[in-house]
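Report on the structure given below.
Count residues from 1 along the sequence. The structure presented is a predicted model; accordingly, all values stated were derived computationally and were not measured. Worth knowing before you read on, the calculation uses all heavy atoms, side chains too, and leaves out hydrogens, waters and symmetry mates.
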Amino acid sequence: MNVADSDEMFAHLAARGAVLTDKLEEADTVLVNTCTVRDHAEHRAVSFLGRLAAWKKEKPGRIIIFAGCAAQRLGQALQKKYPFLDILSGAKEIEHFSETLDKSGLFGPHQTAGELPAPGLTGYVTIMRGCNFACSYCIVPSVRGPIKCLPVQDILQDAARKAAAGAKEIMLLGQTVNAYQDGAVSFADLLNRVSEVPGVARVRFTSPHPIYFTPQFLAAVKDNPKIARHVHLPVQSGSTKVLQEMKRGYTREIFLDKIRALKSCGFNISTDIIVGFPTETEEDFRQTLSLVDEVKFFIAYCYKYSPRQGTPAAKMKLLGQKVLEERLDILLNRVRGLSDAAYQMQVGSEQEVLMETPHKGRSSGNFWVKTKKSYPVGSLVRTQIERADGTLLFARD
């Protein structure tokens, strides 16, 4: 999502004559697009902003733009602390970024569209912004606002542009991406329509919410092989009590029902898990471990709870760091072999692989596959899996 937002903002700079450089010393303008989901990410962004003071002094006229979620949360306090900051543009203002550039007086007028970077094999397409949930630990709703779905035609045009520029795979993006609705067009309808765009070989999406995986969704997508059979579905905890205190909007049983339904349609599941939420007891933690054992996630990204200022959970009494470290270590040991086991289970199966190099690509289920033969990058190859080694499948051909 950050990459997609950065590309969108750069498009407005490109329309004013900007071109990209990967060398800071060559740049006239630096756009820092920030994340604030975790405290560490915000600190890194602000620290980088501080270091840009020396860069700006080296050459008169250099411009610094600080954008995104950290810019939204910290607001004008940033410009008071860092007076050399030229433009502050919060996450809620991305749709007005062009006007922000014009109002600054630092750039020339909007001209014809500039040259944009090639999307690569995967084109990121934002379909919605914001979130209507209010998870007690999460800062996203306050910095991104409520759900706003983009018009279907805008999404299809964006997907078509990226496909025409070489993208074979389209990744649909949103905070609760499967909550998408534009009039009568549901998220499942949108997936099918994007898959029909000329040049699109595969469609992925992130990040969904369990509540919005409905029987209608499964019925709509189960017969469309272009929709990738991988879902990254954050569970956060295996305890219904903790899920309720997190205000996640579902129970352990509801989540497991969704998993069973997705797996029945061939979806491979990865997840996020938070360890040490302030109210988490030893029994709650054991329930998380048992859920991991039951679901057998393809991959599980595990984090210690990190309080975010401005969220309800930040006012709760924290668990001790020793408890957090011990539980995280236990969980990491439990999930460590999940990916290897998932790869081993693919041996003997037939996989459709989108080649990202002449000898390596990803399957619909998001498994990495290495081929003996050489294939054109971007081609779809059907092959049988001969063996697995760690986190890599080896094709028989």
Side-chain angles (χ1 to χ4, degrees), residues 1-53 55-56 62-79 81-82 84-104 106-107 110 113-120 122-131 138-145 148 150 158 162 167 171-175 177 206-207 308 310:
M1 285 182 259
N2 191 285
V3 170
D5 286 351
S6 298
D7 287 346
E8 184 173 335
M9 285 187 283
F10 173 69
H12 296 295
L13 291 168
R16 291 162 174 80
V19 293
L20 286 173
T21 176
D22 57 2
K23 296 179 180 179
L24 183 61
E25 64 271 16
E26 290 182 353
D28 301 301
T29 299
V30 171
L31 167 62
V32 186
N33 188 23
T34 63
C35 175
T36 192
V37 169
R38 293 177 65 79
D39 191 54
H40 180 62
E42 183 178 291
H43 279 302
R44 286 180 60 198
V46 174
S47 177
F48 180 68
L49 173 61
R51 295 196 300 274
L52 285 175
W55 168 82
K56 186 166 184 178
R62 281 177 165 173
I63 299 169
I64 300 174
I65 306 170
F66 197 79
C69 290
Q72 187 71 47
R73 195 184 83 81
L74 298 172
Q76 295 302 316
L78 275 171
Q79 287 193 305
K81 186 174 181 179
Y82 303 100
F84 56 85
L85 172 59
D86 298 291
I87 297 175
L88 186 69
S89 181
K92 294 179 182 179
E93 301 301 315
I94 186 170
E95 293 180 359
H96 307 290
F97 189 67
S98 181
E99 293 94 319
T100 299
L101 296 179
D102 289 340
K103 289 177 182 178
S104 73
L106 298 171
F107 297 90
H110 183 285
E115 184 177 348
L116 298 177
T122 299
Y124 299 114
V125 175
T126 298
I127 69 169
M128 62 177 292
R129 293 191 172 91
C131 179
C138 185
I139 196 72
V140 168
S142 66
V143 295
R144 288 205 171 242
K148 182 178 181 180
L150 277 64
D158 193 11
K162 289 179 168 63
M171 172 80 81
L172 303 182
L173 303 172
Q175 264 71 34
V177 68
T206 200
S207 175
R308 299 301 292 120

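Taking the side chain as every heavy atom from C-beta outward, Leu74 and Thr36 never approach each other to under 4.5 Å. Counting heavy atoms from C-beta on, the side chains of Val30 and Leu24 come closer than 4.5 Å. Within the 4.5 Å cutoff, the side chain of Arg129 has no heavy atoms near those of the Met1 side chain. A heavy-atom distance below 4.5 Å is not found between the side chains of Tyr82 and Leu88. A heavy-atom distance below 4.5 Å is not found between the side chains of Thr34 and Glu42. Val3 places none of its side-chain heavy atoms less than 4.5 Å from the side chain of Asn33. Counting heavy atoms from C-beta outward, Thr206 and Met171 have side chains that approach closer than 4.5 Å. Between Lys162 and Asp158 the shortest side-chain heavy-atom distance falls below 4.5 Å.
The two atoms that bring Phe84 and Leu52 nearest to each other are CE1-C, 4.4 Å, heavy atoms only. Here the shortest heavy-atom pairing between Met128 and Val177 reads SD-CA, 3.6 Å. Thr126 approaches Leu150 most closely through the heavy-atom pair O-CD2, 3.5 Å. The minimum heavy-atom distance linking Leu173 with Ala4 is given by the pair CD1-CB, 3.4 Å. Between Met9 and Ala67 the shortest heavy-atom distance is SD-CB, 3.8 Å. Contact detail for Cys35 and Ala70: the closest heavy-atom pair is O-CB, 4.1 Å.
We find the OG-OH distance between Ser6 and Tyr124 to be 11.5 Å, quoted to the nearest 0.5 Å. Atom CD1 of Ile65 is separated from atom CG of Leu31 by 5.5 Å, given to the nearest 0.5 angstrom. Atoms SG and CD1, from Cys69 and Ile139 in turn, are 9.5 Å apart once rounded to the nearest 0.5 Å. Atom-to-atom distance recorded for Leu106:CG and Thr100:OG1 is 11.5 Å, nearest 0.5 angstrom. Interatomic distance, CZ of Phe10 versus CG of Asp7, reported as 8.5 Å (0.5 Å rounding). Within the model, atoms CD of Glu8 and NE2 of His12 stand 5.5 Å from one another, a figure rounded to the nearest 0.5 Å.
Within 6.0 Å of the CZ atom in Arg44, the count of heavy atoms belonging to other residues, nucleotides or ligands does not exceed 12.
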Step-by-step side-chain hydrogen bond (donor to acceptor under 3.5 Å, both in side chains) determination, Arg16 to Thr29: CA-CA 12 Å; Arg16 291 162 174 80; Thr29 299; over 6 Å; no
message: Between Phe107 and Asp102, does the side-chain contact (heavy atoms from CB on, under 4.5 Å) criterion hold? Intermediate values first, please.
response: CA-CA 7 Å; Phe107 297 90; Asp102 289 340; 6.0 Å; no
task: Take Leu101 and Ile87 through the side-chain contact (heavy atoms from CB on, under 4.5 Å) test and state the conclusion after the steps.
output: CA-CA 8 Å; Leu101 296 179; Ile87 297 175; 4.1 Å; yes
message: Pair Arg73, Arg308 - check side-chain contact (heavy atoms from CB on, under 4.5 Å), show working.
response: CA-CA 11 Å; Arg73 195 184 83 81; Arg308 299 301 292 120; 3.8 Å; yes
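Here the side chain of Ser47 pairs no donor or acceptor atom with the backbone of His43 at under 3.5 angstrom. The backbone N or O of Ile64 lies less than 3.5 Å from a partner atom in the side chain of Asp86, making a donor-acceptor pair. Counting only distance, with no hydrogens or angles, the side chain of Lys81 and the backbone of Gly50 share no donor-acceptor pair below 3.5 Å. The main-chain N or O of Ser207 is never found under 3.5 Å from a side-chain atom of Gln175 such that the two would form a donor-acceptor pair.
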